[in-house]
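Inspection log for the structure reproduced underneath, given as C-alpha cells.
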Amino acid sequence: MELNELKKAFLEAYNHEAEKVYFSPGRVNLIGEHTDYNGGHVFPCALSFGTNLLLAANNQKALRFKSLNMPEIICLPLDQLLTPLPDNSWVNYPLGCIAQYIKRGFKLEQGYDILIWGNVPAGAGLSSSAAIEVVTACAFNDIFNAGYDRTELAKIGQLSEHEFAGVNCGIMDQFASAQGKKDHAIYLDCATLDFELVPVKLDGVKVVISNTHSPHKLDSGAYNARVAECKLAVEQLRTVRPNLQALAELSEVEFEDIKSAITDKVALMRATHVVGECQRTIDAVAALKAGDLTKFGQLMNASHVSLRDNYEVTGLHLDTLAEEAWKIDGVIGSRMTGGGFGGCTVSLVRDEAIPTFIEKVGAAYFEKTGIKADFYIAEIGDGVHALAD
Ligand code: GLA
C-alpha cells in the first residue's frame, strides 16, 4: 500500500492526520537455524517488505490500535498497558513493546492513535510479528525520547514476544528487522550480539523464497519444547563440563567427545543439530566471503537435512519444497528458513533457472500436497526507520 493511501486510512479511522510514519521489515534467514537461543551465529537479511506504523497524539488518555487487516479499533486506557489481551490478540505484539518501556520507568503523558499495516505474509516464517514489534519499539523510542540503539529495540521486541506472545524466541528475527541493511546479510553472534554486515549482491543468482502456505504454522508449544530440549542437553553436559552455558560453545570435536553425557535421546538429537548448524553457519559465511557459492549451497542443503532429521521441524511441506529444489540444475542450495513446521524455504537460484524452478517445484509441490506454493524473489532491504513526511 502506498504511503498516501495509508495516511488516508489513518484519517478515515481516527478523523485526524497521522503525525509520524515508521517502517520495519520482515526477514529471511540464509543459514543458522535454531542456533540463536543456543548462543550461536545466524545469517539473516531484512526484506524489502514489512510493517508500517502510523501514529498521532490523541486527547483520549488511551492508546487506540487499528490494523488494516482487522475490522475493529482496540482502545486501551493508559493505566492498562501492562497485561496481554486474551485470545492471542494481534495487539499483544505492539502492546508488549510499549509495556517494556513502561516497566523501565517511562511514562505516557497522553494517548496516541496507532495504525498498522504490513505485507509480510502472516505465518510464513518471515517474521511478520518481529516487524510489528520492532516498528513499535522504534516509534515509542521517539515518543519517550529514550535514545535506545537498534540492538536495544531488538531486545525490546524479543521481550515482548516472550512475555506477551508466550514464545521463548531467540533474538534473530527482531535483530534482523532492526539492523538490516540493503543488499547485506547480518552475520550475528547471538552470544555477544556483535555483528558484521556481509554484502550479498550475487552475480547472476537470486535469493528465492518459496511459501508452503502450509496450514501447520510454527506453534509456540513445539518451538518452546525445542528450547527446553536444548536446555536439558546443556544441563546433562554440565555433568562433564560444569561451566558450559550454551551448546554453541562446543566445537563438533568437543561435542563428539562428551555427547554420551546426554542421556535423553531427543535432547541428544537436538544438540547434534545445534552444534553442527553453528559450525555450518561459520563455514557458510567464510565460503560466501571467499566467493565459493557452491560450498555455501551445500551447507544450506546440509542445514535442511539436519533440521529434518535431528531437529524435526520440517514435515512434508517444507521437505517437498527443498527436496524438489535440489533436483533442479541451477539451484545452488535450498533449505527451510525460520522456526519451521510450515512457512517458507529459501533457495539460491541462478537467474536462468528461476522459471524452471518455479514451474517444476510448484508442480511437484501441488501434486504432493494439493496446495499452490508462492514464490518471491527476495529484495534485501534496510532495517527499521522513520519515513520522511
Ligand atoms: C523463530 C524464532 C527465532 C529463531 C528461529 C529459528 O523465527 O523467532 O528466534 O529461533 O525461529 O532459527
So, [X] and [Y], do they make that salt bridge, N to O below 4.0 Å?
X    : Y    : answer
E2   : K8   : no
D173 : R27  : yes
R226 : E312 : no
R238 : E235 : no
K259 : E252 : no
R64  : D113 : yes

Task: Results of ring pair (Phe, Tyr, Trp, His ring centres under 6.0 Å) for H16 - residues two or more places apart only - done: F10

Open item on the list: Once you measure the plane-to-plane angle for Y311 and H273, does it fall in the parallel (<30°), tilted (30-60°) or perpendicular (>60°) bin?
Closed with: tilted

- [ ] May I ask you to decide if the ring planes of Y223 and H34 are parallel, tilted or perpendicular, using 30° and 60° as cut-offs?
- [x] tilted

Note, [X] side chain near [Y] side chain (heavy atom, < 4.5 Å):
X    : Y    : answer
Y376 : D374 : yes
N211 : F375 : no
C230 : V274 : yes
H184 : I380 : no
L55  : F65  : no
L53  : T136 : yes
T320 : F366 : no
L188 : I171 : yes

Specify the closest pair of heavy atoms between [X] and [Y], including all atoms of both residues, with the distance to one decimal.
X    : Y    : result
D329 : A353 : O-CB, 3.4 Å
L232 : A267 : CD2-CB, 4.1 Å
Y93  : S160 : O-OG, 3.2 Å
A185 : V200 : N-CG2, 3.4 Å
S214 : I371 : CA-CD1, 4.4 Å

Open item on the list: Assess the residue pair E277 and R280 against the criterion (salt bridge (charged side-chain N to carboxylate O under 4.0 Å, His left out)); give the C-alpha distance rounded to whole Å, side-chain angles, the decisive distance to 0.1 Å, and a yes or no.
Closed with: CA-CA 5 Å; E277 184 78 356; R280 278 189 290 277; 2.9 Å; yes

- [ ] Tell me, with the steps shown, if E12 and K7 meet salt bridge (charged side-chain N to carboxylate O under 4.0 Å, His left out).
- [x] CA-CA 9 Å; E12 272 164 22; K7 287 184 170 169; over 6 Å; no

Taking a hydrophobic cluster as the set of Ile, Leu, Val, Met, Phe, Trp and Tyr residues connected by side-chain heavy atoms closer than 4.5 Å, whether directly or through intermediates, do [X] and [Y] fall within one such cluster?
X    : Y    : result
F144 : L81  : yes
I156 : L108 : yes
I116 : M70  : yes

Are any side-chain N or O atoms of [X] and backbone N or O atoms of [Y], one a donor and one an acceptor, separated by less than 3.5 Å?
X    : Y    : value
N141 : G147 : yes
Y187 : V42  : no
T35  : H41  : yes
H317 : H213 : no
S306 : A302 : no
E196 : I186 : no
Q279 : S251 : no
N168 : N224 : no
T192 : D194 : yes
R270 : N310 : yes

What do you reckon, is [atom1] of [X] surrounded by more than 12 foreign heavy atoms closer than 6.0 Å?
X    : atom1 : value
E367 : CD    : no
N88  : CG    : no
E379 : CD    : no
K206 : NZ    : yes
D203 : CG    : no
N4   : CG    : yes

Open item on the list: Go through it in stages, so that I can follow the logic: the residues are Y112 and I143, the test is side chain to side chain contact (heavy atoms under 4.5 Å, CB included), and I'd like the CA-CA distance, side-chain angles, deciding distance and then a yes or no.
Closed with: CA-CA 10 Å; Y112 288 87; I143 287 178; 3.6 Å; yes

Aromatic ring proximity [X]/[Y], centre distance under 6.0 Å:
X    : Y    : value
Y101 : Y148 : yes
H385 : Y22  : no
F140 : F106 : no

- [ ] Could you walk me through whether T51 and S24 pass the side chain to side chain donor-acceptor pair (under 3.5 Å) test, one step at a time?
- [x] CA-CA 5 Å; T51 297; S24 200; over 6 Å; no

Open item on the list: So if I apply the side chain to side chain contact (heavy atoms under 4.5 Å, CB included) rule between L288 and each of L293, L30, D283, I31, which one comes out positive?
Closed with: L293

- [ ] Report the C-alpha distance between R241 and E249 in whole Å, list the side-chain angles of each, state the deciding distance to 0.1 Å, and finish with yes or no for salt bridge (charged side-chain N to carboxylate O under 4.0 Å, His left out).
- [x] CA-CA 11 Å; R241 272 274 194 133; E249 291 164 25; 5.9 Å; no

Task: Derivation and outcome, side chain to side chain donor-acceptor pair (under 3.5 Å), residues Q158 and Q174 - done: CA-CA 6 Å; Q158 183 193 21; Q174 292 80 8; 5.9 Å; no

Task: Steps toward salt bridge (charged side-chain N to carboxylate O under 4.0 Å, His left out) verdict (E323, K368) - done: CA-CA 12 Å; E323 289 162 14; K368 274 206 181 147; 5.5 Å; no

Task: V205 vs I332, side chain to side chain contact (heavy atoms under 4.5 Å, CB included): CA-CA, chis, key distance, verdict - done: CA-CA 9 Å; V205 173; I332 294 163; 3.6 Å; yes

